[in-house]
Amino acid sequence: MTQEGLPMADALQQATTLAGALPFLRRYAGDTIVVKYGGHAMGNPELAETFGKDIALLKLVGINPVVVHGGGPQINQMLERLQVKSSFVDGLRVTDASAIDIIEMVLCGSVNKQVATLINEAGALAVGISGKDGGLVRASKLERKVKNPATGKLETVDLGFVGEPDEINPQVLYALSGSGLIPVIAPVAGGHHGETFNVNADTVAGAIAGAVHASRLLMLTDVPGVLDEKGKLIPELTAEEARKGIESGMISGGMIPKVETCLKAVQAGARAAVIVNGKVPHACLLELFTQSGSGTLIRGENAGRR
C-alpha cells in the first residue's frame, strides 16, 4: 500500500499513465487547442463535470485551451417559457428581433457562466465572453437559398439575425491566455453596423481555430466520428479525402457541415481538426494524450499524424 492507502498496483498504473502522456505533453506545450463544447456532453451533469476537469488540466500542464459552447436546448426552453415561436431552415434557427435578445441573454448569460464555472471549480481560471467582446468575432448576415417545392426554383430565405463570421480578432484571446486564463466563448457576434448576430457554435469554433492557428480543433459531437460505408470509424482523413467523401456521399446528413467546418479551419490555419464523441468521458484527453486518439482527425497539409 502507498502512504495514501492506494493499492500499489493502482499507483503504478497511474504513474505509468502519466509517463505515457509525456510525449504528448511535449508536443502540445504552449499550443492553442480550440474545443467546441455542446451536445450530450453539455447536457449530462457527470460528463459536464469531467469536461471542466479536462479543460482545467490542459491549462495546468501548459496548453492553452479555448472553449466555444453552444446552447440550443437552453434557448429552446427559454423561448418556450416566454412563448416565443421558433422555426428552423436547414438546421439554422430563424432569429427575429425578439428572439435575438433572448438568445443573447441565454448564451452570454446563464450558459456561458455555467461552462466557465465548471472549469473554475476544477481548479483553473476561466473567463466567459462572447464574440462581441473585444471585437473578437465580426459577422455578416447569413443568406440561405432553399428550393421552392411548388416551382422547383431556389429562393432566398430571410433568417433574420443569423450571421456567419467574416472577421476574427484573436488579440483578446491571446491576452486572456497569456494571463493564465481560459476563454469561454458564447457564439454571439457583432455586426459591422452595430447588429447582434446568432452564429452557429461549430462555425465560430472553426473560424477561431483557423485564426489562432490552433494545433487542434476538437469538435465534441454525439457520434463517434466519420464512419465508412460499413459503419466503421475512420480514424484519419486528409482534407482531400474528406472532400471526396462528401462528393461520393460517404459523408452525409448532419456530418457534412461538421466536416466542412473542419476543412475551413485547417484551410485557414489550424493544424488539424478532430470530430470527437463527446459522450465518452475524457474525450479531449483521449484524443490529445493517446496514440490512437479518439474520433476522426482531418489533417491539414502540415499536421503530420497522431
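Position 1 is the first residue of the sequence; numbering continues from there. Reckoned from all heavy atoms, side chains included, excluding hydrogens, waters and symmetry mates.
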Go through N198 and L107 one step at a time and tell me if the side chain to side chain contact (heavy atoms under 4.5 Å, CB included) criterion holds. CA-CA 9 Å; N198 175 27; L107 288 178; 4.2 Å; yes

Has the side chain of K36 got a donor or acceptor atom that lies under 3.5 Å from a matching backbone atom of A201? no

Grab the two heavy atoms, one from I182 and one from P65, that are nearest each other, plus how far apart they are. CG2-O, 3.5 Å

Pair E104 + K132: basic N to acidic O under 4.0 Å: yes

Judged by modelled atom types alone, do D202 and T261 share a side-chain donor-acceptor pair under 3.5 Å? no

Given the rule that I, L, V, M, F, W and Y join up when any side-chain heavy atoms are under 4.5 Å apart, are V67 and L57 in one cluster? yes

Does the pair V199 and V137 meet the rule for a side chain to side chain contact (heavy atoms under 4.5 Å, CB included), with working shown? CA-CA 10 Å; V199 186; V137 183; 5.5 Å; no

With a 4.5 Å heavy-atom cut-off, do L220 and C284 have their side chains touching? yes

Output, in order, the C-alpha distance, side-chain angles, deciding distance and verdict of salt bridge (charged side-chain N to carboxylate O under 4.0 Å, His left out) for K264 and E260. CA-CA 6 Å; K264 290 178 181 177; E260 288 178 338; 5.8 Å; no

Calculate, to the nearest 0.5 Å, the distance between atoms CD1 and CG belonging to I256 and L263 respectively. 11.5 Å

Following the transitive rule for hydrophobic clusters with a side-chain heavy-atom cut-off under 4.5 Å over Ile, Leu, Val, Met, Phe, Trp and Tyr, establish whether Y28 and L58 coincide in one cluster. yes

For the residue pair V212 and Y174, establish whether any side-chain heavy-atom pair is separated by less than 4.5 Å. yes

When rounded to the nearest 0.5 angstrom, what distance separates CD1 in I168 from CZ in R138? 11.0 Å

Taking C-beta and beyond as the side chain, do E167 and H192 meet within less than 4.5 Å on heavy atoms? yes

A175 and S179: which non-hydrogen atoms are nearest, and at how many Å? O-OG, 2.9 Å

Between T221 and V276, is there a donor-acceptor pair closer than 3.5 Å when you use the side chain of the first and the backbone of the second? yes

Going by atom types only, do S177 and N64 share a side-chain donor-acceptor pair under 3.5 Å? no

Between the side chains of E241 and K244, is the shortest nitrogen-to-carboxylate-oxygen separation below 4.0 Å, so that they form an ion pair? no

Taking the side chain from E236 and the backbone from L297, do they hold a donor-acceptor pair closer than 3.5 Å? no

Does NZ in K53 sit with more than 12 non-hydrogen atoms of other residues, nucleotides or ligands closer than 6.0 Å? no

Can you tell me how far apart CG (D133) and SG (C108) are? Round to the nearest 0.5 Å. 7.5 Å

Spacing of CG belonging to L237 relative to CD1 belonging to I298, to within rounding of 0.5 Å: 6.0 Å

Going from CD1 on I208 to CG on L217, what distance comes out if it is rounded to the nearest 0.5 angstrom? 10.0 Å

Would you say that V111 contacts M42 through its side chain, given a criterion of any heavy-atom pair below 4.5 Å between the two side chains? yes

Should I119 and K59 count as side-chain neighbours, where that means a heavy-atom distance under 4.5 Å? no

So does A41 get a backbone contact from the side chain of K279, meaning a donor-acceptor N/O pair under 3.5 Å? no

Gap separating the NE2 atom of H69 from the OH atom of Y37, nearest 0.5 angstrom: 10.0 Å

If every non-hydrogen atom of G278 is compared with every non-hydrogen atom of L47, which pair is closest and at what distance? O-CD1, 3.9 Å

Side-chain contact test, heavy atoms from C-beta onward, threshold under 4.5 Å: evaluate it for M255 versus I246 and give yes or no. no

Validation row: I129, L176 side chains within 4.5 angstrom (heavy atoms): yes

Please work out which of the three classes, parallel, tilted or perpendicular, describes the rings of F289 and F24, given edges at 30° and 60°. tilted

Candidate pair R144 and V162, rule side chain to side chain contact (heavy atoms under 4.5 Å, CB included), full reasoning: CA-CA 10 Å; R144 270 286 188 272; V162 176; over 6 Å; no

Trace of the side chain to side chain contact (heavy atoms under 4.5 Å, CB included) decision for L159 with V94: CA-CA 5 Å; L159 297 172; V94 178; 4.0 Å; yes

Is the CD atom of E195 crowded by more than 12 outside heavy atoms at less than 6.0 Å? yes

Can you see which heavy atom on G135 is nearest to which on N169, and at what distance? O-CB, 3.3 Å

Is there a side-chain contact between M219 and C262 (heavy atoms, below 4.5 Å)? yes

What about V66 and L60, same hydrophobic cluster or not, with Ile/Leu/Val/Met/Phe/Trp/Tyr joined at side-chain heavy-atom distances under 4.5 Å? no

Might you point out which heavy atoms bring G295 and V274 nearest each other, and give the distance in Å? C-CG1, 4.4 Å

Same cluster or not: I55 versus L286, using hydrophobic residues (I, L, V, M, F, W, Y) connected whenever any side-chain heavy atoms lie under 4.5 Å apart? no

Shortest non-hydrogen contact from A207 toward P165: CB-CG, 4.0 Å

When clusters are formed by joining ILVMFWY residues with side-chain heavy atoms under 4.5 Å apart, either directly or through shared neighbours, do L82 and I103 land in the same one? yes

Give a yes or no on whether the backbone of I234 and the side-chain of T296 come within a donor-acceptor separation of less than 3.5 Å. yes

Between the main-chain N or O of G225 and the side-chain N or O of N277, is there a donor-acceptor pair closer than 3.5 Å? no

